[in-house]
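Step one of this worksheet: look at the structure below.
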Amino acid sequence: MSTFQRSYPPAEPPAGLAHWLYFCGDDLLLPQPDATPLWPGISEESHLAAASHRVYLGLLDGAPLLAAHVATDDVPAGWVRLGLRQAFARSDATLTALTSLAIQLLRWHATMRWCPSCAQALVPVDGTWGRECPQCRQSWYPPVSPAVIVLIHDGERLLLTTKPGWGRRYSLVAGFVEPGETFEACVVREVLEEVGVVVDEVCYQSGQSWPFPHQIMVGFTARYVSGEIAIDASELAHAAWFHRDALPELPQPYTIARRLIDGWLAGAR
Ligand SMILES: [Zn+2]
């Protein structure tokens with residue numbers, strides 16, 4: 001497991017060898033398909049002359065970690081693009097979190113350039129990742145959108161759902177928190193909207209940064225109280241109860257959905 005020390009407020013990296021994370025669009029760039037770890041190792045200068053929007057994130061195992069963007073036309077011959085989900089499947093928790101931080105800061109710097117109110121060019125807010133408008137004085141910071149994800153159980157069974165295109169895979173109910181809403185109220189509302197049942201005993205378990213584009217998934221368990229399954233057909237293809245000993249195909253181990261399910265199987269009744 002790597003160790004990471006965030007650089008904040010934003011600063012210039014110390015001189016010397018650095019780790020580099022390159023992205024093309026939302027994909028990670030690798031020097032070869034099976035590269036491990038998921039960056040090209042450490043070097044003094046960027047491996048890629050065309051890299052832009054350089055961001056210094058902090059110290060990874062004592063060496064600076066930088067992220068940079070590479071345009072599609074500038075990807076060197078032989079390098080490959082790896083989708084973020086595939087990257088997460090090949091990373092530990094520390095590296096997954098860093099990849100999520102890196103892509104979100106790169107997107108922020110690349111896109112948040114003009115005032116949404118008056119269209120003036122924005123300038124950095126000292127000592128932060130923020131941008132402010134010199135004319136109307138409004139400021140903005142990298143967005144994080146909370147979404148709940150909830151494991152619904154009745155003690156022995158899980159209520160799992162699947163969506164069009166998921167094949168045989170089933171997962172948990174999830175949805176965005178509405179303005180003015182608490183996490184607990186969001187869990188109760190989303191479960192009722194998506195599968196038509198009432199839950200209580202809403203308990204926070206853990207969270208996961210989910211950069212698609214900038215969610216924080218907030219993971220809960222909740223106990224079934226009443227109601228027959230009635231799915232929201234605009235979102236789901238099917239929902240059903242599954243006994244803990246006869247679960248269907250589940251999400252991959254790097255997802256919070258899977259971690260909530262594995263945690264419940266290991267401990268809860
Ligand atoms: Zn403005």
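All ligand and atom numbering here is 1-based and tracks the order in the structure. Any value given below was found using the heavy atoms of this structure, including those in side chains, with hydrogens, waters and symmetry copies removed.
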Assign the ring pair Trp210 / Phe88 to parallel, tilted or perpendicular, where the plane angle (0 to 90°) is split at 30° and 60°.
tilted
Going hydrophobic residue to hydrophobic residue with side-chain gaps under 4.5 angstrom, can you get from Phe242 over to Leu172?
yes
Take Gln32 and Val80 through the test side-chain contact (heavy atoms from CB on, under 4.5 Å) and record every step on the way to the result.
CA-CA 6 Å; Gln32 63 268 343; Val80 296; over 6 Å; no
Among residues at least two apart in sequence or on other chains, which ones pass side chain to side chain contact (heavy atoms under 4.5 Å, CB included) with Arg259?
Gln208
Who clusters with Leu236? Use side-chain heavy atoms, under 4.5 angstrom, across I, L, V, M, F, W and Y, and order the result by chain and number.
Val144, Val148, Val150, Ile152, Leu159, Val173, Val177, Phe183, Val187, Val188, Val191, Val195, Val197, Val199, Val202, Tyr204, Ile216, Val218, Phe220, Tyr224, Ile229, Ile231, Trp241
With sequence neighbours excluded, tell me which residues meet side-chain hydrogen bond (donor to acceptor under 3.5 Å, both in side chains) with Asp262.
Arg258
Only protein N/O/S atoms count here: give how many lie under 2.8 Å from the Zn ion (ligand 1).
4
